[in-house]
Amino acid sequence: MNVSDLPAPVERDANFNFAYLDERTKRMIRRAILKAVSIPGYQVPFGSREMPLPYGWGTGGIQVTASIIGPSDVLKVIDQGADDTVNAVNIRRFFQRTTAVEVTTRTTDATIIQTRHRIPETPLAAGQVLVYQVPLPEPLQKLEPREVETRSMHGLAEYGLMHVKLYEDIARFGHIATTYDYPVMVDGRYLMAPSPIPKFDNPKMHMCPALQLFGAGREKRIYAVPPWTKVESLAFDDHPFEVQRWSQPCAMCGDTGSFLDEVITDDAGGRMFVCSDTDHCLARRTADE
Amino acid sequence: MSEDTQPILRVEGIVKHYGSRVAVDGVSFELWAGEVLAIVGESGSGKTTLLNAVAARARPDGGRVSFLTRHEGVVDVHAMSEAQRRLLARTDWGYVHQDAVQGLRMNVSAGANVGERLMALGERHYGRIRNEAASWLERVEMDVTRIDDTPATFSGGMRQRLQIARNLVTRPRLVFMDEPTSGLDVSVQAKLLDLLRSLTRGLSLAAIVVTHDLAVARLLAHRMVVMKDGRVVETGLTDQVLDDPQHPYTQLLVSSVLQP
């Protein structure tokens, strides 16, 4: 999809406050964001608001974006790497209508990128903000359901339990089979769920020049990875962290180093592998022409 | 050994109230390295409450618990920071629950259950963790081929063995056991007691065993403490207390056991 293919700019609806949220709410969320940035990886509780879409569709991400966006920002929204999937289209239209900011599909042009399940292939630059939509902010929750207990584990940096999960993977499958939402240590201190991005994207978080903000609307938590912060994926000494690899390049742009989606093309078992990052794929194809 | 000159655990005047009800009323005892102490008494006599207070799982309303650590000398357990206390609880201490479900992670494999303490202490080598787990399963006489099965598929006796292995993997010097054999059938109980006896002897492990079963006390414990209504009514060597009970309550307790 080209920028020119985007729907015409929508007039800002004067019945809404700028970026939908009222100013006090935005202020409250900005405070939570400031605290999150000062303690990298720490989950800051915030008063999550009802948003005009259901939980699980990105209410946390939308609230973070709404409280940091200004009239001069350029917004990109992706869902599974693509700009034209339903979640991305809806959230982009929502912000067009409530802020009338410029929108783009080009990673390099955007100042704010709200994402679900991917980090763009194009390396992010200083000054950009990546906003993640997070369903489950607590990485230990599946192993230790008591919130009081997980909080003290974070407080005392007792993270042995997370390795129990990785141990289980190796014992069952012979390798670390966790492929998304792969737990990371932020700045050597806090264990963090990177939201359901593929572990392929984990290395991109490490020493990233852009600010990374995470919003979980239902769980009412905000956390952050400030620019140039160490983000380390957990592993065992004899089973180091590895990212996914594909045996073939992207069928459309021929890239061998990007994250590929398997697309079924017919009912006879036909399939092809294409870049999940549509902007990256398109940019490579247009550059070739 | 210098450890022999002072007790490993000293409990002084533990008091615990539940509202206006006094559950434990000024209990004191000492435990020496390698010694097994049984706390017996009927239901509601305050045994478990006392154990929880001593094991720092609950804060008592009065009294002191001092533990002789390996490196830092004697420490007041309830005055430690939470971080130190939790570290102590997963290194030098063990806690065997009556219900193994409370002491195990039921949805992860036996190997991971045993390895959890090692991983919590920073072990990051999968092969070593697995070998250590396998050797502990062997030591508690479990089938090593079941290392990848979850405890949910285990029998009660196996769960209890797994719980013991999980606690002993860091080679603690003191283990708390709350009714470790109740709820198991008699032959499984006997095997488990046999195992516990050889483990405590072999590792010169100090243990506090809470039980209402005098046979368990007789088999495992060197010394015993008899509790009634939150107080200690009699204390002494196990055989001495059981064969020649002095306090009327102990006499009643001993005489109520069926002799087959």
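Just so we're on the same page: letters track the sequence lines, and every chain starts at 1.
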Q.
Less than 4.5 Å to any heavy atom of chain A: does that hold for the side chain of Arg130(B), its backbone, both, or neither?
A.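 Both backbone and side chain.
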Donor on one side chain, acceptor on other, [X] and [Y], under 3.5 Å:
X: His17(B); Y: Asp61(B); answer: no
X: Thr170(B); Y: Arg117(B); answer: yes
X: Ser109(B); Y: Arg172(A); answer: no

Does any backbone or side-chain atom of [X] lie under 4.5 Å from a heavy atom of chain B? Answer side chain, backbone, both or neither.
X: His239(A); result: side chain
X: Ala157(A); result: neither
X: Leu156(A); result: side chain

Q. Around Gln248(A), counting heavy atoms of other residues, nucleotides and ligands shown, do more than 12 lie under 6.0 Å from its CD?
A. yes
Q: Might you confirm whether atom OH of Tyr180(A) has over 12 heavy atoms from other residues, nucleotides or ligands at distances under 6.0 Å?
A: no
Q.
Are there residues of residues 91-105 of chain B whose heavy atoms fall under 4.5 Å of chain A's heavy atoms? If so, which?
A.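 Expected list: Arg105(B).
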Q. Checking salt bridge (charged side-chain N to carboxylate O under 4.0 Å, His left out) for the pair Glu149(A)/Arg86(B): CA distance, chi angles, key distance, verdict?
A. CA-CA 12 Å; Glu149(A) 184 65 17; Arg86(B) 288 170 71 116; 2.9 Å; yes
Q. What is the ring orientation for Trp246(A) with Phe259(A), classed by angle as parallel under 30°, tilted 30 to 60°, or perpendicular over 60°?
A.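 Ring orientation, 0 to 90° scale: perpendicular.
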Q) Please walk me through it: do Asp187(A) and Thr229(A) pass side chain to side chain donor-acceptor pair (under 3.5 Å)? A) CA-CA 6 Å; Asp187(A) 202 24; Thr229(A) 304; over 6 Å; no
